[in-house]
Structure formats: structure tokens, C-alpha cells
Amino acid sequence: MVAGTPQGLIKPTQFGVTSVSWAPSMAPGALVGAGLLDPVQKLCSGGCDNTVKVWKLTNGNWKMDCFPALHMHTDWVRDVAWAPNLGLPKSTIASASQDGKAIIWTVGKEGDQWEGKILNDFKTPVWRVSWSLTGNILAVADGNNNVTLWKEAVDGEWQQVTTVDP
């Protein structure tokens, strides 16, 4: 049971939640910062209201941690995946939507605004997104029975590196 909400439930949207993903337990920048930080207790959710929301546990209550909600999709968000950060100085979330787009959301540090960048318009629903264990490759499953792998280049642009035969 989660404290601070009726029946212990987080209610991210009145329309329905389709996906949820935990944040890494290590705060962004923890490997390059000084001292040990408290573990991060955050998660993100995607829903039928076309948004991605970030939640944080504060004083025993789950509260939305991004204002406004992250809104670049034009249809249901089918999946969200918070990337492992291995202590690097940013947080990254991928979202997949019925609108055919996968979006990469990043934030530099606590309190900054999340920024979204369209990874690709697949022109078919995008069902799932999943990060590699190191958080540098994103797998995307779409409605055309394709699984593609994507990697961020040095210039910050995302490039497809391969297709996995289903």
C-alpha cells in the first residue's frame, strides 16, 4: 500500500494508465558528484490522456514531479521506459504511442524541465520501448512486426543501428 492516496493507489490520470516504469535508484550525477545521495524514489507513467507523468515519493506521498505533464503524443501512450543512468548527469525516459511515435525525454538535473525529442515516426502504433542494461541502446517494437534498435550519436541525434528479425 502506498501512503497518502486512497487505497494506496497513484491516480495519474482519470482516463487510464497503460504503463509504468521505475527510475534508476541512483540519482543523476551521483558518480561524478560528491558524497552519497539518498536513493531516488521516482517512477513515470503513460496513459490514455496522451501524456507521460513523472512521480516522486516525498514524505510518504506520491506527487507529480513534472509540471505540466509531458505532452507531445497525440494518442494513447502505450509504454514508458526509464533508462538506467549509471550515475550519468541526466535522466532519460522513452515513450511509445498509438500515434506511431517514440519520444525520448531528458532532464539534466532535479527541478529542470523535461525536454522531448521525437526518435522516429514509425507510421504505425509503437507498442513497446525497452532500454539495454547500460541505457545506451533503445529497442522499439511497432505495429508492423518490427523491432528496431536505436543509439544516440555524439551529436545528440538518434540513429537506427539495426533491425531484429521477429
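The first residue of the sequence shown is numbered 1, and numbering continues consecutively from there.
- Judged as a ring pair (Phe, Tyr, Trp, His ring centres under 6.0 Å), and not counting sequence neighbours, Trp127 has no contacts.
- Contact of the Gln98 side chain with the His73 side chain is not registered, since no non-hydrogen atoms from C-beta on lie closer than 4.5 Å.
- The stretch residues 141-156 participates, sequence neighbours left out, in these salt bridge (charged side-chain N to carboxylate O under 4.0 Å, His left out) pairs: Lys90-Glu152.
- By the 4.5 Å heavy-atom criterion applied to side chains, Trp114 and Val52 are not counted as neighbours.
- Closest of all the heavy-atom pairs between Pro84 and Ser132 is CG-O, 3.6 Å.
- The shortest non-hydrogen separation linking Ala141 to Val147 is CB-CG2, 4.3 Å.
- For the atom pair Thr106 OG1 and Gln113 CD, the distance stands at 12.0 Å (nearest 0.5 Å).
- Thr18 places a side-chain heavy atom less than 4.5 Å from the side chain of Cys48.
- In the hydrophobic cluster analysis, where Ile, Leu, Val, Met, Phe, Trp and Tyr join through side-chain heavy atoms closer than 4.5 angstrom, Val140 is grouped apart from Val164.
- Side chain of Thr51 to backbone of His71: no donor-acceptor contact under 3.5 angstrom is found.
- Dense packing is recorded around CD of Gln160, with more than 12 heavy atoms of other residues, nucleotides or ligands lying under 6.0 Å away.
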Pair Ile93, Val54 - check side-chain contact (heavy atoms from CB on, under 4.5 Å), show working.
CA-CA 10 Å; Ile93 296 171; Val54 178; 3.9 Å; yes

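- Heavy atoms only, all atoms of each residue included: Ser91 and Asn85 are closest at OG-ND2, 4.5 Å.
- Under the 4.5 Å side-chain heavy-atom criterion for Ile, Leu, Val, Met, Phe, Trp and Tyr, Val126 and Leu149 are members of distinct hydrophobic clusters.
- Listed by first and then second residue, the salt bridge (charged side-chain N to carboxylate O under 4.0 Å, His left out) pairs that reach into residues 57-76 are Lys42-Asp65, sequence neighbours excluded.
- The ring pair (Phe, Tyr, Trp, His ring centres under 6.0 Å) search around Trp158 returns Trp131, not counting sequence neighbours.
- Ring to ring, Trp82 and Trp55 are not that close: their centroids are 6.0 angstrom or more apart.
- When hydrophobic clusters are built by joining Ile, Leu, Val, Met, Phe, Trp and Tyr residues whose side-chain heavy atoms come closer than 4.5 Å, directly or via intermediates, Phe67 is grouped together with Leu43.
- In this structure, Trp150 is not a member of the same hydrophobic cluster as Val161, with clusters built from ILVMFWY side-chain heavy atoms closer than 4.5 Å.
- Heavy atoms of other residues, nucleotides or ligands lying less than 6.0 angstrom from CG of Asn144 number more than 12.
- Here the shortest heavy-atom pairing between Val129 and Ala96 reads CG1-CB, 3.9 Å.
- Taking hydrophobic clusters as Ile, Leu, Val, Met, Phe, Trp and Tyr residues chained together by side-chain heavy-atom distances below 4.5 Å, Ile104 does not share a cluster with Val77.
- To the nearest 0.5 angstrom, Thr148 atom OG1 is 4.0 Å from Phe122 atom CZ.
- For the pair Trp105 and Gly116, the tightest heavy-atom approach, listed with the atom from each and the gap, is CE3-CA, 3.5 Å.
- A distance-only check finds no donor-acceptor pair linking the side chain of Thr92 to the backbone of Ala83 [under 3.5 Å].
- Under the side-chain contact (heavy atoms from CB on, under 4.5 Å) criterion, Ile118 pairs with Met72, Lys101, Ile103, not counting sequence neighbours.
- The salt bridge (charged side-chain N to carboxylate O under 4.0 Å, His left out) pairs that include a residue from residues 124-139 are Asp79-Arg128, where partners are two or more places apart or lie in different chains.
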